[in-house]
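Here the structure comes first, spelled out in structure tokens, and everything after it is commentary.
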Amino acid sequence: MDKIDFTNKLSNEFYFSPVKEVARRLLGKILVRIYNKELLAGRIVEAEAYGGPSDEASHAYPGKTKRNEVMFKKGGLLYVYFTYGMHFCCNAVTGPEGKGEAVLIRGIEPIAGIGLMALNRFGRMDITSKEKINLTSGPAKITQAFGISRHDNGTDLTGDEIFILNSPEIASKKISVSKRIGIKKSVDLPWRFYINGNSFVSK
DNA sequence: ATCAAGATTACCT
DNA sequence: GGTAATCTTGATA
């Protein structure tokens, strides 16, 4: 494991590329959260691009609403949504204000604060290796492990509470592209990106 | 006011 | 493989 450079936060500029490009480039980057003054961190290994109102599968499809308004703000904000009556999922908003694009973070490999993540997920800090894989291998698992909920919707990712650290780009031969998961419209678009063979890619 | 669907997960056979 | 859990949202009236 490479040493983490906490001074190397992604700047606002990073989030202003086209949403698919940001989704691909987020692979390997480090999501960090300061939670009750404790450090939680993990490497992003799976992400999906969601477009603006022209993408039928996107929350932005109906246009700007109270639920999705953060998607329509400037890139570099955190969009958190509630779904299925019990789960939260988190996204990085991309593009200029009004575009409505975001990247759903679907898989993370834990780096720091694993005990606290386990406490958030399973209510105890001691876990088996099998349970460790289950900590953050899915979008709603990530928010539970990181303690992210509706209160974090709209958080600035260039701030000091929840942010993403830069990391060397992942070689394209180590990245796979596929259809997005769990959607019923525009199902064939290849807008999901993940690191080949990583255990924390969602199943 | 009412209703159907949902960018999921855990647990069952 | 299948499905219950659980509640907010956006659409329609």
Side-chain angles (χ1 to χ4, degrees), chain A residues 15 18-24 26-27 31 42 44-73 75 77-95 99-110 117-124 127-155 157 162 164 176-195 198-203:
Chain A
Y15 301 98
V19 65
K20 275 190 290 180
E21 189 181 325
V22 177
R24 177 189 284 269
L26 273 174
L27 296 181
L31 178 70
I44 298 170
V45 300
E46 178 186 359
E48 284 177 352
Y50 284 87
S54 59
D55 178 3
E56 286 188 312
S58 172
H59 288 171
Y61 182 57
K64 187 164 140 184
T65 65
K66 188 157 191 178
R67 180 199 203 191
N68 66 22
E69 62 181 355
V70 171
M71 285 183 86
F72 286 88
K73 295 187 179 180
L77 299 181
L78 188 73
Y79 166 50
V80 181
Y81 65 85
F82 182 66
T83 191
Y84 293 109
M86 62 194 86
H87 298 302
F88 294 100
C89 298
C90 69
N91 304 247
V93 175
T94 70
K99 209 116 208 275
E101 298 175 338
V103 175
L104 173 67
I105 297 172
R106 290 193 56 93
I108 280 186
E109 178 179 345
M117 290 185 196
L119 196 60
N120 286 340
R121 288 274 290 130
F122 309 123
R124 55 194 153 79
I127 54 172
T128 65
S129 57
K130 190 176 175 183
E131 285 173 321
K132 186 188 168 184
I133 297 296
N134 201 23
L135 270 182
T136 49
S137 52
K141 299 176 187 177
I142 291 169
T143 55
Q144 190 181 11
F146 278 72
I148 293 172
S149 73
R150 66 183 86 241
H151 304 297
D152 304 299
N153 190 30
T155 300
L157 291 172
I162 304 173
I164 302 179
S176 290
V177 184
S178 79
K179 299 172 184 183
R180 293 177 291 185
I181 291 181
I183 55 174
K184 301 230 169 100
K185 299 174 197 162
S186 300
V187 292
D188 291 327
L189 297 178
W191 288 8
R192 170 174 177 254
F193 304 89
Y194 60 94
I195 296 178
N198 190 285
S199 314
F200 294 90
V201 173
S202 66
K203 309 301 182 296

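Reminder, nothing fancy here: chain letters follow the sequence lines and each chain counts from 1.
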Item to complete: List for me each residue that meets salt bridge (charged side-chain N to carboxylate O under 4.0 Å, His left out) alongside A/Glu56, sequence neighbours excluded, and say none if there are none.
Response: none
Worksheet entry | Dot-bracket line, read 5' to 3' along DNA chain C, where crossing pairs take [ ] and | marks a partner on another strand, Watson-Crick or G-U under 3.5 Å | |||||.||||||.
Practice prompt. Taking side-chain hydrogen bond (donor to acceptor under 3.5 Å, both in side chains) as the test, write out the residues that go with A/Asp152, two or more places apart.
Written response: A/Arg33
Fill in: Touch class at under 4.0 angstrom, heavy-atom based, for A/Asn134 against every strand present
sugar-phosphate
Discussion item. Is it the case that atom NZ in A/Lys130 sees more than 12 heavy atoms from other parts of the structure closer than 6.0 Å?
Written reply: no
Taking only N/O atoms, report every protein-nucleotides 11-13 of chain B pair under 3.5 Å with atom names and distance.
none

Item to complete: To the nearest Å, give me how far apart CG (A/Asp55) and C1' (B/dA7) are.
Response: 10 Å
Worksheet item: Please, which pairs that meet side chain to side chain donor-acceptor pair (under 3.5 Å) have at least one residue in residues 81-92 of chain A, sequence neighbours excluded?
Response: none
Worksheet item: Atom CG of A/Leu135 to atom C1' of B/dT9: distance rounded to whole Å?
Response: 14 Å
Worksheet item: Checking all strands, does A/Leu104 fall into the base, sugar-phosphate, or nothing category for heavy-atom contacts under 4.0 angstrom?
Response: base
Discussion item. Once you apply a heavy-atom cut-off of 4.0 Å, does A/Ala140 come out as touching a base, just sugar-phosphate, or nothing?
Written reply: sugar-phosphate
Item to complete: Please report, rounded to the nearest Å, how far the P atom of B/dA10 is from the NZ atom of A/Lys203.
Response: 11 Å
Practice prompt. Mind calculating the distance between NZ (A/Lys184) and P (B/dA7) to the nearest angstrom?
Written response: 9 Å
Worksheet item: In whole Å, what is the span from the NZ atom of A/Lys179 to the P atom of B/dA7?
Response: 18 Å
Worksheet item: Ignoring hydrogens and geometry, is there a side-chain-to-backbone donor-acceptor pair from A/Thr143 to A/Cys90 under 3.5 Å?
Response: no
Discussion item. Can you build the contact string for nucleotides 3-13 of chain C? Use B for base contact, S for sugar-phosphate-only contact, and - for no protein heavy atom under 4.0 Å.
Written reply: --BBBSSSS--
Discussion item. For B/dA10 and A/Arg121 - does any side-chain N or O of the residue sit under 4.0 Å from the phosphate oxygens OP1/OP2?
Written reply: yes
Response to the item:
When rounded to whole Å, the OH to P distance for the pair A/Tyr81 and B/dA5 reads 18 Å
Fill in: A/Tyr50: side-chain hydrogen bond (donor to acceptor under 3.5 Å, both in side chains) partners, not counting sequence neighbours
A/Glu48
Worksheet entry | A/Arg150 charged N/C atom sitting above A/Phe82 aromatic ring, 6.0 Å / 45° | yes
Worksheet item: With A/Glu21, which residues qualify under salt bridge (charged side-chain N to carboxylate O under 4.0 Å, His left out), at least two apart?
Response: A/Arg25
Worksheet entry | Length of the line joining A/Lys141:NZ and B/dT8:P, which is rounded to integer Å | 11 Å
Worksheet entry | Non-neighbouring partners of A/Thr65 that pass side-chain hydrogen bond (donor to acceptor under 3.5 Å, both in side chains), sequence neighbours left out | A/Asn68
Worksheet item: A/Arg192 near the nucleic acid: base, sugar-phosphate alone, or nothing, with a heavy-atom cut-off under 4.0 Å?
Response: nothing
Practice prompt. Only counting residues at least two apart or in another chain, list the ones meeting salt bridge (charged side-chain N to carboxylate O under 4.0 Å, His left out) with A/Lys132.
Written response: none
Worksheet item: Among all residues two or more places apart in sequence or in another chain, which pass the side-chain hydrogen bond (donor to acceptor under 3.5 Å, both in side chains) test with A/Glu46?
Response: A/Arg106, A/Arg192, A/Ser202
Response to the item:
Residues at least two apart in sequence or cross-chain that pass salt bridge (charged side-chain N to carboxylate O under 4.0 Å, His left out) with A/Arg121, listed by chain then number, are none
Discussion item. Expressed as a whole number of angstroms, how long is the span from A/Lys185:NZ to B/dA4:P?
Written reply: 16 Å
